[in-house]
**Q** 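Got a structure for you, questions after.
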Amino acid sequence: MTAPTVAPGTAQRRPTRRRPSRVDPGVRAARRRFLRVLTIVGLWFWAFWALLVVGVLIVVEQWGGEAVGFTYDVAGSPARWIPFVVGIVVTAGALPVHVGAGGTRRAWVDGATRAAVVVGLAFGVLTVVLALVEQQVYAEGDRPWQVDTGTVALDTAGGIAVAVTAESLVMVTYLLVGVAIAAGFRRFGPWRGTLLVAPLLVPCALVDIATRTGIAGTPWRGGYDDVALGALFGVGGALVVAALAYAVAHLVLRSAPLRP
């Protein structure tokens with residue numbers, strides 16, 4: 001009998017094995033859930049503000065006034081409230097499903113954090129782009145334009161990088177605070193949960209102050225005078241506050257019951 005012929009190198013081949021993912025499936029599931037909702041709501045939000053940037057100038061001039069920008073700034077940098085509300089709503093509605101499917105509370109917070117980092121970076125970029133676009137719109141219309149708030153000036157690449165990073169950490173903080181508030185209502189009930197809202201909002205105020213943006217950052221309007229200071233106190237401070245919000249969300253969610 002003739003031995004079977006083996007093509008050269010065939011004996012050395014082995015089936016390719018995919019390296020198993022080290023990420024907890026519960027973390028991936030939570031991240032996808034938050035990311036999906038944040039993306040959908042975010043698209044609607046930024047489409048609205050893109051129209052508002054041009055619309056405000058037209059409407060104000062139609063009524064004989066003079067717009068000096070910045071629309072987003074005047075509204076208190078409202079994009080941060082998107083992850084805040086999403087953190088509350090998604091946690092209140094989907095946490096029991098997540099845990100019932102085998103996920104853990106820690107995986108829920110970790111997944112929320114990962115989603116917030118991705119969306120936060122996108123929101124940070126869009127915030128900077130919105131400012132630069134509005135500045136160009138006002139310049140084309142021969143109208144004055146001014147920005148009273150922001151972590152740093154956006155006239156250098158370093159300043160843009162600092163502004164984007166700081167804004168992304170703001171988004172992470174606000175989403176985690178939203179998760180903690182929803183967990184607080186589950187854990188303490190409606191009355192004590194309501195009393196807990198104010199203390200849980202402290203990280204939101206702290207990150208506003210650190211980045212000199214948002215409502216709590218109003219007294220420090222104008223941002224840091226130097227990019228290095230903005231990176232140290234704005235980004236560094238926001239990172240510390242985001243870590244605090246992460247720890248608080250874990251603490252409150254750890255013993256939150258699945259039934260309200």
Side-chain angles (χ1 to χ4, degrees), residues 31-32 34-56 69-87 111-140 145-178 204 207-208 210-215 217 221-224 226-239 241-242 245-246:
R31 179 183 62 82
R32 286 195 300 267
F34 276 101
L35 195 57
R36 182 169 60 250
V37 178
L38 285 167
T39 301
I40 293 172
V41 179
L43 286 173
W44 281 100
F45 173 84
W46 288 106
F48 168 77
W49 279 102
L51 293 174
L52 194 63
V53 163
V54 179
V56 164
F70 175 45
T71 306
Y72 184 79
D73 168 31
V74 171
S77 304
R80 62 199 61 206
W81 297 108
I82 299 298
F84 176 80
V85 173
V86 169
T113 303
R114 295 184 182 213
V117 170
V118 174
V119 174
L121 285 172
F123 276 30
V125 170
L126 289 171
T127 299
V128 171
V129 169
L130 183 69
L132 297 177
V133 167
E134 187 174 48
Q135 183 179 16
Q136 186 63 33
V137 168
Y138 277 66
E140 291 293 334
W145 183 86
Q146 64 185 33
V147 178
D148 294 327
T149 190
T151 304
V152 291
L154 302 177
D155 52 358
T156 64
I160 291 174
V162 168
V164 169
T165 306
E167 191 70 12
S168 67
L169 290 170
V170 168
M171 303 302 162
V172 172
T173 301
Y174 270 70
L175 185 136
L176 290 173
V177 168
C204 294
V207 80
D208 283 2
T211 59
R212 298 190 174 184
T213 60
I215 297 174
R221 281 176 178 264
Y224 294 94
D226 184 76
V227 172
L229 289 176
L232 178 61
F233 295 108
V235 175
L239 183 61
V241 177
Y246 178 84

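Given the structure is predicted, the values throughout are model-derived calculations rather than measurements.
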**Q** Using every non-hydrogen atom in the two residues, find where Phe123 and Pro83 come nearest and quote the distance to one decimal.
**A** CE2-CD, 4.4 Å

**Q** Out of curiosity, Trp81 CH2 to Ile215 CD1, how far, rounded to the nearest 0.5 Å?
**A** 5.5 Å

**Q** Can any side-chain N or O of Thr151 pair as donor or acceptor with the backbone N or O of Thr211 at less than 3.5 Å?
**A** yes

**Q** Aromatic rings Phe45 and Trp49: how do their planes relate, parallel, tilted or perpendicular, breaks at 30° and 60°?
**A**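 Rings of Phe45 and Trp49: tilted, as their planes differ by 30° to 60°.
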
**Q** Distance from Leu126 atom CG to Leu43 atom CG, nearest 0.5 Å?
**A** 9.0 Å

**Q** Just one of Val235, Thr127, Val125 clears the side chain to side chain contact (heavy atoms under 4.5 Å, CB included) bar with Glu167, so which one?
**A**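 Answer to the side chain to side chain contact (heavy atoms under 4.5 Å, CB included) test with Glu167 among Val235, Thr127, Val125: Thr127.
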
**Q** Going by the rule ring-ring contact (aromatic ring centres under 6.0 Å, His included), which residues pair with Tyr224 if we only count those two or more places apart in sequence or in a different chain?
**A**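 Once residues adjacent in sequence are excluded, Tyr224 has no partner under the ring-ring contact (aromatic ring centres under 6.0 Å, His included) criterion.
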
**Q** Any side-chain heavy atom of Leu38 sitting closer than 4.5 Å to one from Met171?
**A**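 In short, these two side chains do not touch, never coming nearer than 4.5 Å.
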
**Q** Can you name the residues that form a side-chain hydrogen bond (donor to acceptor under 3.5 Å, both in side chains) with Tyr246, not counting sequence neighbours?
**A**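 Counting only residues at least two positions away or on another chain, Tyr246 forms a side-chain hydrogen bond (donor to acceptor under 3.5 Å, both in side chains) with Asp110, His250.
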
**Q** Looking at every heavy atom in both Gly214 and Ser77, which two are closest together, and how far apart are they?
**A** N-OG, 3.8 Å

**Q** For the side chain of Thr165 and the backbone of Val162, is there at least one donor-acceptor N/O pair under 3.5 Å apart?
**A** no

**Q** For the residue pair Val172 and Ala242, what are the closest heavy atoms and their distance?
**A** CG1-CB, 4.4 Å

**Q** Please report the shortest heavy-atom distance between Leu154 and Ala131, naming the atom on each side.
**A**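 Closest pair (atom of Leu154, atom of Ala131, distance): CD1-CB, 3.8 Å.
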
**Q** Applying side chain to side chain contact (heavy atoms under 4.5 Å, CB included), run through Tyr174 and Asp208 and close with a yes or a no.
**A** CA-CA 10 Å; Tyr174 270 70; Asp208 283 2; 3.0 Å; yes

**Q** If you look at every heavy atom in Cys204 and Thr173, which pair is closest and at what distance?
**A** N-CG2, 4.4 Å

**Q** Is there side-chain contact between Arg31 and Val118, with at least one heavy-atom pair below 4.5 Å?
**A** no

**Q** Work out which heavy atom in Val164 is nearest to a heavy atom in Gly124; give both atom names and the distance.
**A**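 Closest heavy-atom pair between Val164 and Gly124: CG2-O, 3.8 Å.
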
**Q** Nearest 0.5 angstrom please: Leu175 CG to Ile82 CD1, how far?
**A** 11.5 Å

